[in-house]
**Q** 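This is the structure, below, for whatever I ask next.
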Amino acid sequence: MSARPLAAETHDLLTVLGVDRALFTTGTLSVSSPIDGSEIGRVIEHEAEEAEAAIGRADAAFRAWRLVPAPKRGELVRLLGEELRAHKAELGRLVTIEAGKIVSEGLGEVQEMIDICDFAVGLSRQLYGLTIATERPSHRMMETWHPIGVVGVISAFNFPVAVWSWNAALAFVCGDPVVWKPSEKTPLTALAVGALFARALHRYREAGGEAPDGLLEILLGGRPIGEILVDDPRVPVLSATGSTAMGRAVGPRLAKRFARAILELGGNNAAIVCPSADLDLSLRAIAFSAIGTAGQRCTSLRRLFVHDSIYDTLVTRLRRAYGSVTVGDPSKPETLVGPLIDPAAWDKMKKALDAAREVGGTVTGGARVNVPGREGGVYVAPALVEMPSQGGPVTEETFAPILYVMRYTKFETALKLNNSVVQGLSSSVFTNDLREAELFVSAQGSDCGIANVNIGPSGAEIGGAFGGEKETGGGREAGSDAWKAYMRRATNTINYGRTLPLAQGVTFDVES
């Protein structure tokens, strides 16, 4: 019996999730599945006027939503989390079909959305300011946090829904509406999330909650639609996930109008394996970080520095592991490596592997894989590339399952190599030496926004702030105090006395 066409399954999933059929069957933008390259939908692209109107609706919503108490705003996010729990299987399957993720990763992405909703609900009662000591008698000084306005979100194909939720769940409880431009490669999952949000909003209103229209607007299209979101003065905060090249284009335009940028850009992540490392643990962590999501995570492991004393042992085991992983249809439970997003990704991978060979690299794996019945998809074996030094393509980010492996003899040398690329997202060290571990996470250690010990650089939890330094953009999303990016801070001084003492001992007496 032949497999059911992906388009039919996709349409059924979208219908169950509450998306109007016309939204995914009558448009001009073709959407294909990386599983087999087949068309699974056609979405309606927005015109410039429609984008501007959507931003206007969100701006109007802000005027009302900011007046709703934060714990009441949190109730809407709680209901969104309930909808995600109820439809985790369907949305997770849709992520697999549209983004090519294996089953557990598709479901895991939806779980990440549920987790950030839970976090945001608690946060809605913890938007704390400070009481600040003042030198003036009969005065009180404090800081308060207020909603800032419309939050724009531009997301990438590799996490088509989770990254939106990192921003949106926090923005909603902070009092801000969201205008979302998903990747044109993965718009169907965005439509599904929009429908689930609409269900949560309906339930919120039925229970007596006051919420305006326009809290979530979704804009579909390519770069011109994104540029409208970047340039509109009604959008004071914009989160953009993508390449460093995109960040170079977006950042100055936001700065020109003094908007706040949350940039999540490139990552060329490294791990150091020390002589004392637990090799069984290290092997599993390396394999997941380098191979998971077919190397298409911004936190994917791309550079591996192995101490000379254990290099041969570990690399031999890595070769075996790489040869044993199942590459194929991500729908099947035994698959660990699904497809690349499109043929262009394969072209970039081939180019990087050729460049590595030219500078003395030895490549294991990295060939196309034929998957019966899925010939239209781009399936590749993960590549393990032993390099003589950190040169050529090693210093560049290639969004594909390529792991460059290099020897080192001194820990300080490996640490320097870890830091000697322009990206600064995530990093790891595998060691049981306390000094090496503590040095790695210290001020003179890894210069990345994420620095881990005995786990890989990939697979962050929502409780910590996610983001990186240098050409990764400096943005922070999800946990910790990332919520402050979605609010404005006011410092308040209140004089409850009858005199007017001035700070710093200044006197300024006038006759009354």
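The first residue of the sequence shown is numbered 1, and numbering continues consecutively from there. Values in this document were obtained by computation on a predicted structure and should not be read as measured data.
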**Q** For the CZ atom on Arg205, are there more than 12 heavy atoms of other groups (residues, nucleotides or ligands in this structure) within a distance under 6.0 Å?
**A**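 Atom CZ in Arg205 is crowded, with more than 12 foreign heavy atoms closer than 6.0 Å.
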
**Q** For side chain to side chain contact (heavy atoms under 4.5 Å, CB included), just list the numbers for Thr10 and Leu94, CA-CA rounded to whole Å, side-chain angles, deciding distance to a tenth of an Å, and then say yes or no.
**A** CA-CA 7 Å; Thr10 300; Leu94 192 60; 3.8 Å; yes

**Q** Can you list the steps and then say if Ser426 with Thr299 is a side-chain hydrogen bond (donor to acceptor under 3.5 Å, both in side chains)?
**A** CA-CA 6 Å; Ser426 193; Thr299 54; 5.9 Å; no

**Q** Got Val235 and Val179 here, is their nearest side-chain heavy-atom distance under 4.5 Å?
**A**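 A side-chain contact under 4.5 Å is absent here.
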
**Q** Is the NZ or CZ atom of Lys72 both under 6.0 Å from the centre of the six-membered ring of Tyr204 and within 45° of that ring's axis?
**A**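 That pair does not qualify as a cation-pi contact.
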
**Q** Salt-bridged, Glu105 to Arg297, with N to O below 4.0 Å?
**A**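 Counted as a salt bridge, because a side-chain N and a carboxylate O are separated by less than 4.0 Å.
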
**Q** Are any of the side-chain nitrogens in Glu206 or Arg203 under 4.0 Å away from the carboxylate oxygens of its partner?
**A**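 The answer is no: the pair does not qualify as a salt bridge.
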
**Q** Between Lys101 (side chain only) and Pro330 (backbone N and O only), is there a donor and an acceptor less than 3.5 Å apart?
**A**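 Judged by distance alone, no pair lies under 3.5 Å.
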
**Q** Report the C-alpha separation of Ile262 and Val151 in whole Å, then their side-chain angles, then the decisive distance to 0.1 Å, and conclude whether the side chain to side chain contact (heavy atoms under 4.5 Å, CB included) test is met.
**A** CA-CA 10 Å; Ile262 304 174; Val151 173; over 6 Å; no

**Q** Indicate yes or no for a side-chain donor-acceptor contact from Asn492 to the backbone of Glu143 under 3.5 Å, with no hydrogens or angles considered.
**A**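 The answer is no, because no donor-acceptor pair under 3.5 Å joins these two groups.
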
**Q** Would Thr244 and Glu397 count as a side chain to side chain contact (heavy atoms under 4.5 Å, CB included) here? Give the steps.
**A** CA-CA 10 Å; Thr244 297; Glu397 179 189 34; 5.7 Å; no

**Q** A side-chain contact here means heavy atoms from C-beta on lying under 4.5 Å apart; do Leu188 and Val43 qualify?
**A**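 Yes, close enough: below the 4.5 Å cut-off.
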
**Q** Spell out, as yes or no, whether a donor-acceptor pair under 3.5 Å connects the side chain of Thr472 to the backbone of Gly424.
**A**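 Such a contact is found between Thr472 side chain and Gly424 backbone.
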
**Q** As a quick check of understanding, evaluate side chain to side chain contact (heavy atoms under 4.5 Å, CB included) for Ser331 and Arg93, giving each step before the final call.
**A** CA-CA 8 Å; Ser331 308; Arg93 174 60 180 158; 2.6 Å; yes

**Q** Can you give me the closest heavy-atom contact between Ile218 and Ala190, atom names plus distance?
**A**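 Minimum heavy-atom separation between Ile218 and Ala190: CD1-O, 3.3 Å.
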
**Q** With a 4.5 Å cut-off on side-chain heavy atoms, are Cys448 and Asn269 touching?
**A**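 Counting from C-beta outward, Asn269 and Cys448 never come under 4.5 Å.
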
**Q** Are the side chain of Arg476 and the backbone N or O of Gly468 linked by a donor-acceptor pair below 3.5 Å?
**A**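 Yes, Arg476 side chain to Gly468 backbone: donor-acceptor pair under 3.5 Å.
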
**Q** Hey, does Phe159 have a side-chain heavy atom less than 4.5 Å from the side chain of Thr241?
**A**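 Thr241 vs Phe159: side chains apart.
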
**Q** Side chains of Asp213 and Arg57: does their closest heavy-atom pair fall under 4.5 Å?
**A**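 No, side chains not in contact.
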
**Q** Could you tell me whether the side chains of Arg303 and Thr395 share a donor-acceptor contact shorter than 3.5 Å?
**A**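 Note: Arg303 and Thr395 side chains miss the donor-acceptor criterion.
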
**Q** Calculate, to the nearest 0.5 Å, the distance between atoms CD1 and CE belonging to Ile462 and Met113 respectively.
**A**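 Here the interatomic distance stands at 13.0 Å.
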
**Q** Taking 4.0 angstrom as the limit, do Glu184 and Arg223 come out as a salt bridge?
**A**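 Salt bridge between Glu184 and Arg223, a charged N being under 4.0 Å from a carboxylate O: no.
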
**Q** Looking at CD1 of Ile116 and CD of Glu461, how far apart are the two atoms once the value is rounded to the nearest 0.5 Å?
**A**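 Taking CD1 in Ile116 and CD in Glu461, the distance rounds to 11.5 Å.
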
**Q** Just how far is it from atom CD1 of Ile291 to atom OG of Ser458, taken to the nearest 0.5 Å?
**A**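 Ile291 CD1 to Ser458 OG: 12.0 Å, rounded to 0.5 Å.
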
**Q** Any chance you could measure Ile402, atom CD1, to Glu396, atom CD, to the nearest 0.5 Å?
**A**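 So the CD1 of Ile402 and the CD of Glu396 are separated by 10.5 Å.
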
**Q** More than 12 foreign heavy atoms under 6.0 Å from CD of Gln126: is that the case here?
**A**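 More than 12 within 6.0 Å, yes.
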
**Q** Could you check whether the rings of Trp166 and Phe466 sit parallel, tilted or perpendicular, using 30° and 60° as the cut-offs?
**A**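 Tilted: the ring planes of Trp166 and Phe466 meet at 30° to 60°.
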
**Q** Measuring from atom CD1 of Ile154 to atom OG of Ser183, what distance do you get when rounded to the nearest 0.5 angstrom?
**A**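 Rounded to the nearest 0.5 Å, the CD1-OG separation comes to 11.0 Å.
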
**Q** Classify the angle between the aromatic ring planes of His11 and Phe24 as parallel (below 30°), tilted (30 to 60°) or perpendicular (above 60°).
**A**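 Ring orientation, 0 to 90° scale: tilted.
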
**Q** How long is the span from the CH2 atom in Trp483 to the CG atom in Asn167, to the nearest 0.5 Å?
**A**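 Going from the CH2 atom of Trp483 to the CG atom of Asn167 covers 15.5 Å.
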
**Q** Going by side-chain hydrogen bond (donor to acceptor under 3.5 Å, both in side chains), Asp231 matches just one of Arg253, Arg257, Lys256. Which one?
**A**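 Running side-chain hydrogen bond (donor to acceptor under 3.5 Å, both in side chains) over Arg253, Arg257, Lys256 with Asp231 returns exactly one hit, Arg253.
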
**Q** With distance as the sole test, does Asp342 use its side chain to make a donor-acceptor pair with the main-chain N or O of Ala345 at under 3.5 Å?
**A**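 Answer holds: yes.
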
**Q** May I ask you to say whether Arg85 pairs ionically with Asp118, meaning some side-chain N is under 4.0 Å from a carboxylate O?
**A**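 Yes.
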
**Q** In the structure I gave you, are the side-chain heavy atoms of Lys348 and Leu340 within less than 4.5 Å of one another anywhere?
**A**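 In short, these two side chains do not touch, never coming nearer than 4.5 Å.
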
**Q** Ignoring hydrogens and angles, tell me if any N or O in the side chain of Glu75 forms a donor-acceptor pair with the backbone of Gly209 under 3.5 Å.
**A**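 Judged by distance alone, no pair lies under 3.5 Å.
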
**Q** With a 4.5 Å cut-off on side-chain heavy atoms, are Val422 and Lys470 touching?
**A**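 They are not in side-chain contact.
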
**Q** Check for a donor-acceptor pair, side chain of Glu98 on one end and backbone N or O of Thr189 on the other, with a separation under 3.5 Å.
**A**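 Yes, Glu98 side chain to Thr189 backbone: donor-acceptor pair under 3.5 Å.
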
**Q** Side chain of Arg260, backbone of Met487: donor and acceptor closer than 3.5 Å?
**A**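 Checking the backbone N and O of Met487 against the side chain of Arg260, a donor-acceptor pair under 3.5 Å is found.
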
**Q** Quick check: does any side chain N or O of Ser300 sit under 3.5 Å from a backbone N or O of Ala290, one acting as donor and the other as acceptor?
**A**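 Not a single qualifying donor-acceptor pair exists.
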
**Q** State whether the side chain of Ser480 and the backbone N or O of Ala465 hold a donor-acceptor pair below 3.5 Å, judged by distance alone.
**A**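 Absent.
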
